[in-house]
Amino acid sequence: DAPFEALIEGDIDDWVFSTETSHRLVFANGHFIAGLSSIDELSATTVVGNLRTLMASAPELAEQHLGYRTGFEADVFDALNRICVSDGLFLQVPADTIIDKPIEIVYVNIGDEQQSLITPRSVIMLQAGARATLIERHISTGDSHYLFNGVTRISMDHGAQLQHYRLQQESVNAHHL
């Protein structure tokens with residue numbers, strides 16, 4: 001837990017949008033950091049948060065959407081992610097809801113002397129007519145050595161629109177799958 005305690009407000013300001021212009025969820029080494037996240041302004045009908053909390057509070061909902069029982073024959077990296085999943089984003093936007101500001105998902109990889117495996121799994125669902133913009137940002141401190149094996153499952157009903165951007169500003173020693 002030491003890397004998570006070491007990350008404080010202001011440490012990521014150079015990399016992210018202000019909370020005035022975006023909603024934000026922050027994950028450090030794959031674990032959700034509530035104190036650096038800002039999702040309170042999202043509609044009460046929009047379900048947004050981290051998977052670890054969802055798995056504890058509503059395991060049937062989490063299992064339904066994580067893809068564990070889809071019959072899909074996963075590749076080796078998807079299977080590794082399923083076995084080692086640390087946390088991740090859960091976003092469900094109800095029908096005809098328009099999210100007014102981008103939702104920024106910040107994955108901060110904090111370097112230490114040991115190599116690490118980071119395995120978030122994100123589930124994004126937009127119901128009919130919903131619209132949202134998602135900015136997935138990957139950053140690292142120092143010369144972090146890690147393998148990032150994230151999986152994102154996106155499901156969109158008829159007429160839903162999602163603009164999804166992925167920005168990588170990671171260590172040259174990072175391996176991102």
Side-chain angles (χ1 to χ4, degrees), residues 12 15-28 30-34 36-108 118-139 148-170 176-177:
I12 60 173
W15 287 297
V16 298
F17 297 118
S18 80
T19 54
E20 295 170 3
T21 59
S22 72
H23 306 286
R24 180 185 307 149
L25 287 90
V26 178
F27 295 85
H31 300 279
F32 181 64
I33 307 297
L36 296 178
S37 298
S38 174
I39 54 174
D40 297 337
E41 292 181 16
L42 283 166
S43 164
T45 59
T46 298
V47 180
V48 63
N50 65 312
L51 279 178
R52 183 172 284 208
T53 299
L54 183 70
M55 287 188 279
S57 64
E60 65 287 341
L61 180 62
E63 188 173 303
Q64 176 184 356
H65 296 292
L66 284 173
Y68 294 128
R69 296 186 178 161
T70 62
F72 175 70
E73 293 298 325
D75 65 32
V76 68
F77 296 110
D78 183 74
L80 177 64
N81 179 278
R82 288 177 190 210
I83 292 168
C84 300
V85 66
S86 55
D87 207 344
L89 166 70
F90 185 87
L91 173 65
Q92 184 176 34
V93 182
D96 300 316
T97 299
I98 299 172
I99 305 293
D100 61 336
K101 299 188 290 190
I103 300 171
E104 188 175 22
I105 312 307
V106 183
Y107 293 103
V108 183
I118 300 164
T119 56
R121 190 172 191 92
S122 296
V123 176
I124 301 162
M125 297 173 295
L126 277 70
Q127 295 177 347
R131 292 193 313 199
T133 299
L134 183 71
I135 301 168
E136 203 176 317
R137 187 180 300 271
H138 300 268
I139 58 179
F148 185 95
N149 181 30
V151 171
T152 301
R153 295 192 65 217
I154 299 173
S155 171
M156 296 174 34
D157 289 344
H158 180 75
Q161 297 177 21
L162 176 68
Q163 291 182 319
H164 183 192
Y165 303 93
R166 182 172 287 150
L167 307 171
Q168 293 176 259
Q169 298 165 294
E170 300 176 278
H176 191 116
L177 302 176

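Since we're looking at a predicted model, the values are computed, not measured.
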Query raised in the report: How about Phe32 and Leu51: do any of their side-chain heavy atoms sit closer than 4.5 Å?
Result: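 No, their side chains stay 4.5 Å or more apart.
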Query - Candidate list Ile105, Val106, Val26, test side chain to side chain contact (heavy atoms under 4.5 Å, CB included), partner Ser37, passing option - result: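 Of the listed residues Ile105, Val106, Val26, the side chain to side chain contact (heavy atoms under 4.5 Å, CB included) partner of Ser37 is Val26.
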Query raised in the report: With Met156, which of Ile124, Leu126, Val93 fulfils side chain to side chain contact (heavy atoms under 4.5 Å, CB included)?
Result: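 Testing Met156 for a side chain to side chain contact (heavy atoms under 4.5 Å, CB included) against Ile124, Leu126, Val93 leaves exactly one candidate, Leu126.
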**Report entry** By side-chain hydrogen bond (donor to acceptor under 3.5 Å, both in side chains) - contacts of Ser57 (at least two apart)
**Finding:**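 Checked Ser57 against side-chain hydrogen bond (donor to acceptor under 3.5 Å, both in side chains); zero matches.
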Report task. Name all residues meeting the side-chain hydrogen bond (donor to acceptor under 3.5 Å, both in side chains) criterion together with Asp96; count only those two or more places apart in sequence or in a different chain, and write none if there are none. Result ->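 Partners of Asp96 under the side-chain hydrogen bond (donor to acceptor under 3.5 Å, both in side chains) test: none.
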Minimum heavy-atom separation for [X] to [Y], with atom names?
X: Ile39; Y: Val48; value: CD1-O, 3.9 Å
X: Ala160; Y: Gln127; value: CB-O, 3.5 Å
X: Gly88; Y: Pro120; value: CA-CB, 4.3 Å
X: Leu36; Y: Arg24; value: O-CD, 3.7 Å
X: Arg121; Y: Val85; value: CB-CG2, 3.5 Å
X: Ala128; Y: Asp157; value: N-CB, 3.3 Å

Side chain [X], main chain [Y], donor-acceptor under 3.5 Å:
X: Glu136; Y: Arg166; value: no
X: Asn81; Y: Asn149; value: yes
X: Thr119; Y: Cys84; value: yes

To the nearest 0.5 angstrom, please state how far the [atom1] atom of [X] sits from the [atom2] atom of [Y].
X: Ile99; Y: Ser22; atom1: CD1; atom2: OG; answer: 12.5 Å
X: Gln168; Y: Ile139; atom1: CD; atom2: CD1; answer: 12.5 Å
X: Leu134; Y: Thr152; atom1: CG; atom2: OG1; answer: 8.0 Å
X: Leu25; Y: Asp87; atom1: CG; atom2: CG; answer: 9.5 Å
X: Ile98; Y: Thr46; atom1: CD1; atom2: OG1; answer: 11.5 Å
X: Gln92; Y: Met125; atom1: CD; atom2: CE; answer: 4.0 Å

**Report entry** Parallel, tilted or perpendicular: ring planes of Tyr107 versus Phe27, cut at 30 and 60 degrees
**Finding:**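 It falls in the parallel class, under 30°.
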Report task. Indicate the ring-plane relationship of Phe148 and His176, choosing parallel, tilted or perpendicular according to the 30° and 60° boundaries. Result ->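 Plane angle under 30°, so parallel.
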Query raised in the report: Going by distance alone, is a donor N or O of one side chain under 3.5 Å from an acceptor N or O of the other, for His23 and Glu41?
Result: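 No, no side-chain donor-acceptor pair sits under 3.5 Å.
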